[in-house]
Q: 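Here's a structure for you.
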2 protein chains.
Amino acid sequence: MPLPHTEAPGYLVSNLASRGVRMTRQRRAILGIIETASHHLDAAQILRKAQKQEPEVDRVTIYRTLSLLKRHGLIDELDLMHLQGEKHFYERKTPREHVHMTCLRCGRVTEFESRLFDGLKKQVQKECRFQIAVARMEIGGYCSSCRA
Amino acid sequence: MPLPHTEAPGYLVSNLASRGVRMTRQRRAILGIIETASHHLDAAQILRKAQKQEPEVDRVTIYRTLSLLKRHGLIDELDLMHLQGEKHFYERKTPREHVHMTCLRCGRVTEFESRLFDGLKKQVQKECRFQIAVARMEIGGYCSSCRA
DNA sequence: AGTCACGATGCAACCAGTTGCAACAATGCG
DNA sequence: CGCATTGTTGCAACTGGTTGCATCGTGACT
């Protein structure tokens, strides 16, 4: 499922720069890759792509950059129900958070926006007096084409 | 937050045995620990407790038993927003699934049941024609005592 | 009780992600 | 423009979790 290209190219770079974050060759490469990604990427894929531009990049730098983006709320980290080992997937934060459904048979990932999801978050904020920073809802099961 | 002791002792053992799963010394020890746990445990804690009963148990056996329980839908695996590294926590499956909120400051974990959560799952099943096996909603943020 | 098939175990080696630390380089200032 | 500050990088070593494989032991059948 391709992600929509809602932001101008360079958005992550300029957003971070405007917050006083230093721009290095490595970061520029990594941010560009995440920005122009057409689907969910894992850390190893980002590393491989980044090394095509900057062969010296270390995987540690990938993880540190991803963690920087998480801290600034610019990407979301997904487990996708640990379908493939323990690795994580990353996507640019979209204006509306959505549910991720992973098919346990074919591995396809579907996204779903719902007013109930938004409502549930509001309810937690209000009834539990809990200030939400990140909310993640992930579902594992069987998609319509894989059901018996 | 203590978990309620809703099931008779030996429930996991007899449940699995009735499905034709072999019972070994190691499994009996691990299942007993999970059953009588008064809070969310991680794999390392389960290993340490199990080795008090059966000193020869290997961590691999812990992970394989946890994965067995997941496959049979008898426990839920939680990330708790990766608050502490990459480790996971485990809890017996309760009749009603609930949301887990983790405070990013004090680390406290709160559980919350909501009709909106149940409704959201129903909506996914119906509108996305997606048959749910596991649903996990985790929230990271700041609890009422930790908010500015 | 004795035998046997096959599932479960432990070990070693591996994958994903994190941390401590010394060397390095992006920015701000003169 | 050159320099100092301080954040960033790469390396090595580590933690948490998984996999392949030879050995072991459960539970079924006699």
Side-chain angles (χ1 to χ4, degrees), chain A residues 12-14 16-31 34 40-51 53-72 75-90 104, chain B residues 12-32 34 40-51 53-72 75-90 104:
Chain A
L12 288 178
V13 171
S14 47
L16 284 176
S18 74
R19 303 188 198 211
V21 170
R22 283 194 193 170
M23 266 314 132
T24 60
R25 284 177 297 113
Q26 294 92 325
R27 279 190 183 161
R28 251 183 283 270
I30 298 168
L31 299 179
I34 294 172
H40 301 125
L41 294 174
D42 61 41
Q45 290 172 312
I46 297 171
L47 177 61
R48 251 176 283 127
K49 282 169 186 278
Q51 285 179 334
Q53 273 178 253
E54 296 287 339
E56 297 304 299
V57 194
D58 193 87
R59 64 203 190 97
V60 173
T61 301
I62 305 293
Y63 287 116
R64 284 199 271 235
T65 305
L66 289 169
S67 137
L68 177 78
L69 289 165
K70 275 189 275 176
R71 280 200 311 281
H72 283 89
I75 57 169
D76 275 320
E77 183 181 64
L78 312 172
D79 281 20
L80 301 183
M81 298 319 280
H82 300 129
L83 190 70
Q84 304 172 52
E86 281 303 301
K87 71 184 173 191
H88 297 125
F89 295 86
Y90 300 90
L104 301 173
Chain B
L12 289 178
V13 170
S14 47
N15 185 309
L16 283 175
S18 76
R19 302 187 197 214
V21 170
R22 284 196 193 169
M23 267 314 132
T24 60
R25 283 177 297 113
Q26 295 92 325
R27 278 191 184 163
R28 251 183 283 269
I30 297 167
L31 299 178
I34 293 172
H40 301 123
L41 294 175
D42 62 42
Q45 290 172 312
I46 298 172
L47 177 61
R48 252 176 282 126
K49 282 169 185 280
Q51 285 178 335
Q53 275 178 251
E54 296 288 339
E56 297 304 300
V57 193
D58 193 87
R59 64 201 192 101
V60 173
T61 302
I62 306 292
Y63 288 115
R64 284 199 272 235
T65 304
L66 288 170
S67 137
L68 176 77
L69 289 165
K70 275 190 277 176
R71 280 201 310 279
H72 283 89
I75 57 169
D76 274 320
E77 182 181 63
L78 313 171
D79 282 17
L80 300 184
M81 298 320 280
H82 300 129
L83 191 68
Q84 304 173 53
E86 282 301 302
K87 70 184 173 192
H88 297 125
F89 295 87
Y90 300 89
L104 301 173

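Residue numbers begin at 1 in each chain, while the letters A, B, ... track the order of the sequences.
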Q: For nucleotides 25-30 of chain C, read 5' to 3', which letter fits each nucleotide if B means a protein heavy atom sits under 4.0 Å from the base, S means only the sugar-phosphate is that close, and - means neither?
A: BBS---
Q: Let me see the working for A/I46 and A/L66 under side-chain contact (heavy atoms from CB on, under 4.5 Å), right down to the final yes or no.
A: CA-CA 10 Å; A/I46 297 171; A/L66 289 169; 4.1 Å; yes
Q: For B/D79 and C/dT18, give me the distance from atom CG to atom P, rounded to whole Å.
A: 12 Å
Q: Between D/dG16 atom P and A/H82 atom NE2, what is the distance in whole Å?
A: 15 Å
Q: At under 4.0 Å between heavy atoms, what does B/A44 touch on the DNA or RNA strands: base, sugar-phosphate, or nothing?
A: nothing
Q: Just verifying a value: how many Å separate B/I34 CD1 and B/I62 CD1, rounded to the nearest 0.5 Å?
A: 8.0 Å
Q: Quick one: is C/dG17 close enough that its OP1 or OP2 comes under 4.0 Å of any side-chain N or O from A/H88?
A: yes
Q: Nearest whole Å is fine: how far is D/dG17 C1' from A/E86 CD?
A: 6 Å
Q: Can you name the nearest heavy-atom pair linking A/A17 to A/M23, along with the distance?
A: N-CE, 4.4 Å
Q: Report the distance from atom NZ of B/K87 to atom C1' of D/dT18, rounded to the nearest whole Å.
A: 19 Å
Q: Nucleotides 12-15 of chain C: which of its N/O atoms have a protein N/O under 3.5 Å away?
A:
none

Q: Applying side-chain contact (heavy atoms from CB on, under 4.5 Å) to B/R28 and B/R25, what does each step give before you reach the verdict?
A: CA-CA 5 Å; B/R28 251 183 283 269; B/R25 283 177 297 113; 5.7 Å; no
Q: Nearest whole Å is fine: how far is C/dA16 C1' from A/E77 CD?
A: 11 Å
Q: Once rounded to the nearest 0.5 Å, what's the spacing between atom CZ of A/R64 and atom CZ of A/R71?
A: 11.0 Å
Q: Determine whether a donor-acceptor pair (one donor, one acceptor, N or O, separation below 3.5 Å) exists between the side chain of A/R64 and the base of C/dG17.
A: no
Q: Just the rounded figure in Å: distance from P of D/dG25 to CD of B/E56.
A: 11 Å
Q: Evaluate side-chain contact (heavy atoms from CB on, under 4.5 Å) for B/H72 paired with B/N15, printing each intermediate quantity in order.
A: CA-CA 10 Å; B/H72 283 89; B/N15 185 309; 5.9 Å; no
Q: How long is the span from the OG1 atom in A/T61 to the CG atom in A/L47, to the nearest 0.5 Å?
A: 9.0 Å
Q: Can you check the B/L69 CG to C/dA8 C1' distance for me, whole Å?
A: 14 Å
Q: Between A/Y63 and C/dG17, is there a contact of a side-chain N or O with OP1 or OP2 at under 4.0 Å?
A: yes
Q: Any side-chain donor-acceptor pair under 3.5 Å between A/H88 and A/D79?
A: yes
Q: Rounded to whole Å, please give me the gap between CD in B/E54 and P in D/dG25.
A: 12 Å
Q: Give a yes or no on this: more than 12 heavy atoms of other residues, nucleotides or ligands lie within 6.0 Å of atom CD of B/E56.
A: no
